[in-house]
Peer 1: 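So that we are looking at the same thing, I have put the structure below in structure tokens.
One-based numbering, in listed order, for ligands and for the atoms of each. Hydrogens, waters and symmetry mates are skipped; everything else that's a heavy atom, side chains included, is used.
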Amino acid sequence: MSNKKGGKLIVFSAPSGSGKTTIVRHLLAQPELNLEFSVSAASRAPRGEEKDGQDYYFLSLEDFKQNIKDDNFLEWEEVYRDNFYGTLKTEVERIWALGKNVIFDIDVVGGLRIKRKFPERTLAVFVKPPSVDELKIRLKKRKTESEEKINMRIAKASVEMATAPSFDHIILNDTLEHALEEAEKLVATHISKPIIGEVDLNQ
Ligand code: 5GP
């Protein structure tokens, strides 16, 4: 790896519909935080306006499984049945080579896995929606998925909520303004800390 010292890792995880993507976008727009979005690989088809290499690296199920075999992922997860998502090691290398910190918008299991692997350099934040009912309303408003898919995501949300205490911080997204402010402060504090030692993404 060109930059063995690397940068910081910042994980935002939450049930889908909790508003974490809005928070992550806001953080990316703050130049002083020096963040770059980690584009995950996914085995699902693009939705709506999603673009390959921008929202996800869209891989076939077969290609995804080959990358697992080749040990190319920092973490991966079968988030929904036959829908695999994962972070390629090359993505983190790419961002660190730019001299930037990596921000992840990923599932709770993947997020905690990164935290466990790199405890010092990772800030893991859980974004909590005000309630499961509110989550349902937000997902329906999004109008990108079928009723069945929405129900699947709601069922998963309760399981995900139970993992919140394992994160470094929980942000309650009741008013967006407060959530954005809190997120900015947490990230700024984390990136101001010095990096100790080198990193091995293959650990
Ligand atoms: P969606 O299909 O709505 O884009 O994402 C579904 C779920 O997959 C979300 O909870 C999202 O956070 C998660 N996800 C996206 N990328 C990754 C990844 O690289 N690793 C893991 N473990 N989960 C991911």
Peer 1: For the residue pair Asn202 and Lys89, confirm or rule out a side-chain donor-acceptor distance under 3.5 Å.
Peer 2: yes

Peer 1: Checking the side chain of Arg153 only, and the main-chain atoms of Pro15 only, is there a donor and an acceptor separated by less than 3.5 Å?
Peer 2: no

Peer 1: For the pair Glu160 and Lys128, find out whether any cationic side-chain nitrogen is under 4.0 Å from an anionic carboxylate oxygen.
Peer 2: no

Peer 1: Let me know which protein residues bring a heavy atom to under 4.0 Å of ligand 1; chain then number is fine for ordering.
Peer 2: Lys20, Ser40, Arg44, Arg47, Tyr56, Glu75, Glu77, Val79, Tyr80, Tyr85, Gly86, Thr87, Asp105, Ile106, Asp107, Gly110, Arg153

Peer 1: Could you list all the side-chain hydrogen bond (donor to acceptor under 3.5 Å, both in side chains) pairs where at least one residue sits in residues 176-187, not counting sequence neighbours?
Peer 2: His26-Glu184, Thr175-His178

Peer 1: Could you work out, with side-chain hydrogen bond (donor to acceptor under 3.5 Å, both in side chains) as the rule, every residue matching Lys193, not counting sequence neighbours?
Peer 2: none

Peer 1: Can you give the donor-acceptor pairs under 3.5 Å from side chains of residues 110-117 to other protein atoms, not counting sequence neighbours?
Peer 2:
unit_1	atom_1	unit_2	atom_2	d
Arg113	NH1	Trp76	O	3.1
Arg113	NH1	Glu77	OE1	2.9
Lys115	NZ	Pro119	O	2.9
Lys115	NZ	Thr122	O	2.9
Lys115	NZ	Asp168	OD1	3.2
Lys115	NZ	Asp168	OD2	3.0
Lys117	NZ	Leu74	O	2.8

